[in-house]
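Working notes, beginning with the structure itself.
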Amino acid sequence: MPERLKAYVYRLYPTRKQESTLLWTLRRCKELYNASLEERTAAYKMAGISVSYGMQADQLPQVKEVRPEYQEIYSQVQQDVLRRLDKAMKAFFRRVAEGQIPGYPRYKSATRYHSFTYPQSGYQILGALTSHDKKGKKTCRLKLSKIGHLKMLMHRPIKGSIKACTIKRDGDQWYAVFSVEQAVSATLVHLSNKTVGVDVGITSYATLSTGEQIANPRIYRSTEQQIKEAYRRLSRRKRGSHRRSRAKRALTRLYRKVRHRRQDFLHQTSHRLVNQYGILVFEALQIPNMTARPKPKKEEAPTTTEGSEGGATAGAATHYLPNGAAAKSGLNKSILDAAWGRFITLCACKAEEAGGMVVKVAPQQTSQKCSGCGVLVPKDLSVRWHSCPTCGTELDRDENAARNILRRYELQGAIPDRKKGNPTRKVGRGGKRPTATGVL
Ligand SMILES: [Zn+2]
């Protein structure tokens with residue numbers, strides 16, 4: 001039976017003492033990460049040797065001799081730190097090989113190192129879902145080797161077998177993330193045989209081919225003022241002061257609130273859609289392109305400077321011209337706030353669990369085409385209404401697009417999933433092979 005990985009996240013409530021142990025462990029992990037990055041870099045620069053994960057893992061016992069405090073950290077947690085670095089290095093070399101902007105792995109500061117992982121053992125859930133605290137919530141203990149028994153709120157039971165446990169800090173809160181392997185039933189059939197086209201947009205979050213509109217929550221936008229105010233307060237505080245760190249905590253809390261509210265919205269919306277429809281059809285979006293930062297535009301520095309600058313070296317100063325970044329960031333914020341990519345992924349995961357599926361069709365001209373007769377009706381982004389001069393169809397712009405998306409699936413089937421490199425699922429009812437470039 002095929003299997004899938006799923007993450008369960010539970011809030012932890014460490015005592016003060018436990019929290020300081022957790023923070024201490026995080027700091028040691030960060031140090032280990034930075035030291036092994038330094039070793040790899042130095043060995044390569046000086047001797048041209050590329051240090052591997054295995055070589056570094058073999059040194060861990062010696063590290064413990066020189067730095068006895070590392071005996072206080074579970075050894076698999078330390079191995080996982082080295083494995084993280086190994087992954088970062090491999091990703092770097094892959095980017096180099098593919099000719100992308102490589103970005104060498106960076107040294108981590110305390111503010112950039114938030115979690116450590118028990119990859120196989122060293123953790124145990126005690127008293128799961130048996131004891132209840134006063135509010136009727138399910139509390140239990142998470143036993144972590146070398147750290148202790150932490151109070152954990154297990155708001156839902158885990159289905160499947162736990163493969164790893166990651167302890168994560170999020171500002172002043174702590175979480176345990178369990179990677180769980182679940183069996184996927186191949187015989188599960190969705191109760192609904194309905195198929196729906198979904199068009200995602202900025203005006204409304206999503207529009208279905210049935211005409212239903214899901215309003216955009218604009219979560220970041222609504223807290224934007226508060227966040228701006230929190231930043232202003234932070235900037236007024238003296239560096240290193242207690243009041244500054246308090247202001248910083250307030251800001252982290254605001255961001256966490258935004259994040260959690262966005263997650264709630266995405267989970268609820270995707271859950272509802274997946275329950276209602278057996279097949280959800282989306283356009284294949286290219287969000288990374290849509291939100292890419294515009295490239296900086298450099299002004300060519302004059303090659304000769306005539307006296308007046310007092311002998312300034314030629315070409316030393318580079319001026320940057322307006323590149324439209326400010327204008328684009330407004331739209332970027334809306335697009336990222338909307339988090340469609342994550343929404344579609346969530347739909348796909350939930351659909352899989354419910355026996356349904358998510359498919360994607362080619363995105364070309366879904367909003368320009370008339371869903372009634374197929375004629376092209378060009379309109380720019382500001383035109384919200386589709387009105388067809390040929391067949392007289394009158395429709396909301398996004399609903400028209402959603403209908404086109406549904407029809408494209410019915411006629412041509414889904415396009416191949418880029419990540420897996422094979423067709424997502426079977427072809428549509430028309431029975432034709434999917435063609436990515438085909439026109440409706
Ligand atoms: Zn028409």
Side-chain angles (χ1 to χ4, degrees), residues 190 192-218 269-270 272-274 276-287 289-291 331 334-335 338 340-341 343-344 347-348 351 356-418 423-440:
H190 198 283
S192 164
N193 57 3
K194 280 191 277 185
T195 305
V196 75
V198 189
D199 179 59
V200 293
I202 290 175
T203 321
S204 55
Y205 187 79
T207 306
L208 310 186
S209 51
T210 56
E212 189 196 331
Q213 303 223 341
I214 297 164
N216 201 330
R218 306 219 172 204
T269 312
S270 56
R272 189 167 65 77
L273 286 185
V274 164
Q276 248 173 311
Y277 301 98
I279 302 174
L280 301 174
V281 191
F282 288 93
E283 278 179 335
L285 290 173
Q286 289 173 327
I287 294 171
N289 287 342
M290 286 164 81
T291 61
L331 183 64
S334 287
I335 292 174
W340 295 311
F343 175 65
I344 296 173
C347 284
M357 62 186 184
V358 163
V359 292
K360 289 177 188 169
V361 295
Q364 284 80 24
Q365 295 170 334
T366 47
S367 56
Q368 310 296 331
K369 212 157 248 182
C370 171
S371 59
C373 63
V375 141
L376 273 182
V377 186
K379 46 189 167 296
D380 62 37
L381 259 174
S382 63
V383 182
R384 306 307 313 164
W385 193 256
H386 169 82
S387 135
C388 177
T390 316
C391 71
T393 299
E394 294 281 332
L395 260 183
D396 175 76
R397 175 205 176 94
D398 295 335
E399 189 185 341
N400 180 58
R403 288 190 185 191
N404 279 332
I405 290 170
L406 175 61
R407 249 191 99 207
R408 189 164 286 176
Y409 172 66
E410 287 173 347
L411 293 175
Q412 301 175 349
I415 60 167
D417 194 346
R418 259 178 305 144
T424 349
R425 294 298 157 111
K426 59 194 167 210
V427 290
R429 282 176 213 159
K432 286 176 203 156
R433 286 303 302 165
T435 44
T437 49
V439 186
L440 199 77

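One-based numbering, in listed order, for ligands and for the atoms of each. For this chain, numbers begin at 1 and follow the sequence in order.
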*Who are the side-chain contact (heavy atoms from CB on, under 4.5 Å) partners of Gln213, not counting sequence neighbours?*
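Only Ser204, Thr207, Asp396 meet the side-chain contact (heavy atoms from CB on, under 4.5 Å) criterion with Gln213.
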*Is a side-chain donor or acceptor of His386 paired with a backbone partner of Asp398 at a separation under 3.5 angstrom?*
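Judged by distance alone, no pair lies under 3.5 Å.
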*side chain to side chain donor-acceptor pair (under 3.5 Å) partners for Asp199, two or more places apart*: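 Asp199 satisfies side chain to side chain donor-acceptor pair (under 3.5 Å) with no other residue.
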_Which residues pass the side chain to side chain donor-acceptor pair (under 3.5 Å) test with Ser270, not counting sequence neighbours?_
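Checked Ser270 against side chain to side chain donor-acceptor pair (under 3.5 Å); zero matches.
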*Is it true that Arg403 and Glu410 make a salt bridge, defined as a side-chain N closer than 4.0 Å to a carboxylate O?*
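So Arg403 does not pair with Glu410 through a salt bridge.
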*Can you say whether the rings of Tyr205 and Phe343 are parallel (under 30°), tilted (30 to 60°) or perpendicular (over 60°)?*
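Perpendicular, since the angle between the ring planes exceeds 60°.
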*What protein N/O/S atoms are found closer than 2.8 Å to the Zn ion (ligand 1)?*
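The answer, once waters are left aside, is Cys370 SG, Cys373 SG, Cys388 SG, Cys391 SG.
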